[in-house]
Amino acid sequence: MSAPRPAASFAATSAWLPVAPCTPHACARHTGPVRAPLPAVLRLLAGCAWTLLGVACGVLPVRLLPKAPHDRLVRWWARGVPRAFGVRVTVPVHPYAHGTGGELVVANHVSWLDIPLVASVLPGRMLAKSEVGRWPLLGPLAGLGGTLFIDRDRLRALPGAVDTVAGALRSGSRVVAFPEGSTWCGRGSGGVFRPAVFQAAIDAEVSVRPVRITYRAPGAVAFVGDDPLAASLWRVVRAAGLTAEVDVLAPIPAGDHAGTSASGEPGRRGLARTAGAAVAGTDRTTTAPGTVLAQTAVASDRPNRPAASVHH
C-alpha cells in the first residue's frame with residue numbers, strides 16, 4: 001500500500017474522495033482466541049508464498065488461456081489465499097450465482113482479503129487507483145493482470161474513467177469494484193456506494209452483481225486508516241477461528257435505472273442505492289432470510305473531505 005498522506009494534502013488535491021472514520025487504534029483489534037507465535041509465523045509464510053506464487057507464475061501464462069480455464073485457475077488460486085492465511089471461507093449457493101458476459105461486480109470493502117475473496121467466486125478485472133500502476137514490480141504486474149487504473153484525484157478525469165470501465169464491460173469483461181471507495185472496519189454502518197462506476201454499467205447496458213462480504217471477528221481483518229500492511233498480516237495470522245462469508249446476490253439490470261427518475265434523480269444514484277441496499281441486506285428481494293448483517297451502505301453524490309489514508 002502507498003504511504004499515508006496528511007489530510008491537508010488530500011484536501012488540497014480532491015474534495016470528493018470518501019471519508020472512512022475507522023482507525024487502526026479504534027477498529028483493527030482482535031479480542032478473541034489467538035494462535036501461538038510459531039503457528040502464526042508458519043501461516044504468514046504460507047500465505048505470502050501462495051500469494052507470490054500466483055503473482056509470479058500466473059499472470060502471463062494464465063492470461064494466454066481461454067476464458068473458462070483462465071477463470072477456473074484464478075478461482076482456485078484465489079480460494080487458497082485466505083485459507084493459507086488461516087481464514088475459513090464459506091460461499092452460500094444461489095441459483096443466480098454465476099453469470100456470463102460483461103457485468104459490474106460491486107462489494108463492501110473491509111480488508112485486503114476482499115480482493116481474493118471476490119476473485120474466488122467471480123474473477124474479473126479490478127479497478128485500482130492510478131498510483132498503483134506506478135508501484136515498482138506490483139504496478140506492472142497488476143497491469144498485465146488486466147487491472148483498470150483510474151485517476152481518483154482529479155474530478156475532470158471522472159468521465160474518462162467511466163468510459164474506460166464501460167468499454168471493458170461492453171467487451172464482455174467482468175469488472176470488480178468497491179464503490180465505498182475506502183476500507184471500513186465492518187462494524188456498524190459502512191460507507192456509501194459512490195454512483196460514478198454505476199454509470200458505466202448503465203452506459204454498457206450490463207447487469208450489476210452485488211456481493212456481500214461478512215467476517216466473523218472483523219476487527220482482526222479490518223485494514224483501515226494508516227494501518228501498515230505488515231501489522232494487518234500479522235493480526236490476521238495470529239487470530240484463530242477467523243471466517244469469511246462471500247454471498248453472491250441476485251443481478252440488478254442496469255437498464256432499469258437508465259435516464260432520470262420522476263423526482264429528477266440520475267439513474268446512477270438509484271442503481272447505487274439499490275446495489276448498496278442489497279449488500280447491506282435491507283433489500284429483502286436479494287437477501288437470504290436470517291442473514292446476519294455486518295454493514296449498511298447507501299448511495300450519495302455529495303462531496304466529502306477525504307480521510308488521512310484511503311486504501312482503495
Query raised in the report: Between the main-chain N or O of G86 and the side-chain N or O of R35, is there a donor-acceptor pair closer than 3.5 Å?
Result: yes
Query raised in the report: Could you walk me through whether F223 and D114 pass the side chain to side chain contact (heavy atoms under 4.5 Å, CB included) check?
Result: CA-CA 10 Å; F223 185 49; D114 302 340; over 6 Å; no
Requested in this report: For the pair R79 (side chain) and P116 (backbone), establish whether a donor and an acceptor sit closer than 3.5 Å, ignoring hydrogens and angles.
Outcome: no
Query - From CH2 (W77) to CG (L53), nearest 0.5 Å - result: 9.0 Å
Report task. Measure the CD-CG distance between E245 and D247 for me, rounded to the nearest 0.5 Å. Result -> 5.5 Å
Report task. Grab the two heavy atoms, one from P39 and one from A36, that are nearest each other, plus how far apart they are. Result -> CD-O, 3.2 Å
Query raised in the report: For the side chain of R88 and the backbone of L242, is there at least one donor-acceptor N/O pair under 3.5 Å apart?
Result: no
Query raised in the report: Quick one: are I213 and Y215 in side-chain contact, heavy atoms under 4.5 Å?
Result: yes
Report task. For residues L117 and P82, report the shortest heavy-atom separation together with the two atoms involved. Result -> CD2-CG, 3.9 Å
Query raised in the report: Ignoring hydrogens and geometry, is there a side-chain-to-backbone donor-acceptor pair from W50 to A78 under 3.5 Å?
Result: no
Side chains of residues 157-171: which donor-acceptor partners sit under 3.5 Å, not counting sequence neighbours?
{"unit_1": "T164", "atom_1": "OG1", "unit_2": "G160", "atom_2": "O", "d": "3.0"}
{"unit_1": "R170", "atom_1": "NH2", "unit_2": "D203", "atom_2": "O", "d": "3.4"}
{"unit_1": "S171", "atom_1": "OG", "unit_2": "A168", "atom_2": "O", "d": "2.6"}
{"unit_1": "S171", "atom_1": "OG", "unit_2": "S173", "atom_2": "OG", "d": "3.4"}

Query raised in the report: Does the side chain to side chain contact (heavy atoms under 4.5 Å, CB included) test come out yes or no for W112 and T183, once each step is laid out?
Result: CA-CA 9 Å; W112 50 269; T183 48; over 6 Å; no
Query raised in the report: Can you tell if the side chain of V175 reaches within under 4.5 Å of the side chain of L148, non-hydrogen atoms only?
Result: yes
Query raised in the report: So do the side chains of I115 and M126 get within less than 4.5 Å of each other, counting heavy atoms only?
Result: yes
Requested in this report: Would you check, one step at a time, whether the test side chain to side chain contact (heavy atoms under 4.5 Å, CB included) holds for R209 with V106?
Outcome: CA-CA 6 Å; R209 176 79 61 159; V106 296; over 6 Å; no
Query raised in the report: Got a sec, which residues hit ring-ring contact (aromatic ring centres under 6.0 Å, His included) with W234, two or more places apart in sequence or on another chain?
Result: none
Query - Same apolar cluster: L42 and V81, side chain cutoff 4.5 Å - result: no
Requested in this report: Look only at the side chain of N108 and the backbone of R212, and say whether a donor-acceptor pair between them is shorter than 3.5 Å.
Outcome: no
Query raised in the report: How many angstroms lie between CZ in F198 and CZ in R269, if you round to the nearest 0.5 Å?
Result: 13.5 Å
Query - Over all atoms of both residues, closest heavy-atom pair of P210 and A275 - result: CB-O, 4.2 Å
Report task. Please tell me if the side chains of V105 and V118 come closer than 4.5 Å, counting only heavy atoms from C-beta onward. Result -> yes
Requested in this report: Identify the residue among T274, L271, D256 that makes a side chain to side chain contact (heavy atoms under 4.5 Å, CB included) with V208.
Outcome: L271
Query raised in the report: Got a donor-acceptor contact below 3.5 angstrom from the E180 side chain to the H109 backbone?
Result: yes
Query raised in the report: Are V41 and V34 in one and the same hydrophobic cluster, where Ile, Leu, Val, Met, Phe, Trp and Tyr link if side-chain heavy atoms are under 4.5 Å apart?
Result: no
**Report entry** Test item: R235 side-chain N/O and A222 main-chain N/O as donor-acceptor pair under 3.5 Å
**Finding:** yes
Report task. Check whether any side-chain heavy atom of F193 sits under 4.5 Å from a side-chain heavy atom of V279, and report yes or no. Result -> yes
Query - Close side-chain approach of L233 to F85, heavy-atom, < 4.5 Å - result: yes
Report summary line: So CG of L104 and CZ of R174: to nearest 0.5 Å the spacing works out to 11.0 Å
**Report entry** Intermediate values then yes/no, side chain to side chain contact (heavy atoms under 4.5 Å, CB included), L249 and V211
**Finding:** CA-CA 6 Å; L249 306 173; V211 174; over 6 Å; no
Query raised in the report: Can you tell me if S111 uses its side chain to pair, donor with acceptor, with the backbone of V221 under 3.5 Å?
Result: yes
Query raised in the report: How about H257 and I252: do any of their side-chain heavy atoms sit closer than 4.5 Å?
Result: yes
Query raised in the report: Is there a side-chain contact between L122 and V248 (heavy atoms, below 4.5 Å)?
Result: yes
Report task. Any chance you could measure R75, atom CZ, to H70, atom NE2, to the nearest 0.5 Å? Result -> 10.5 Å
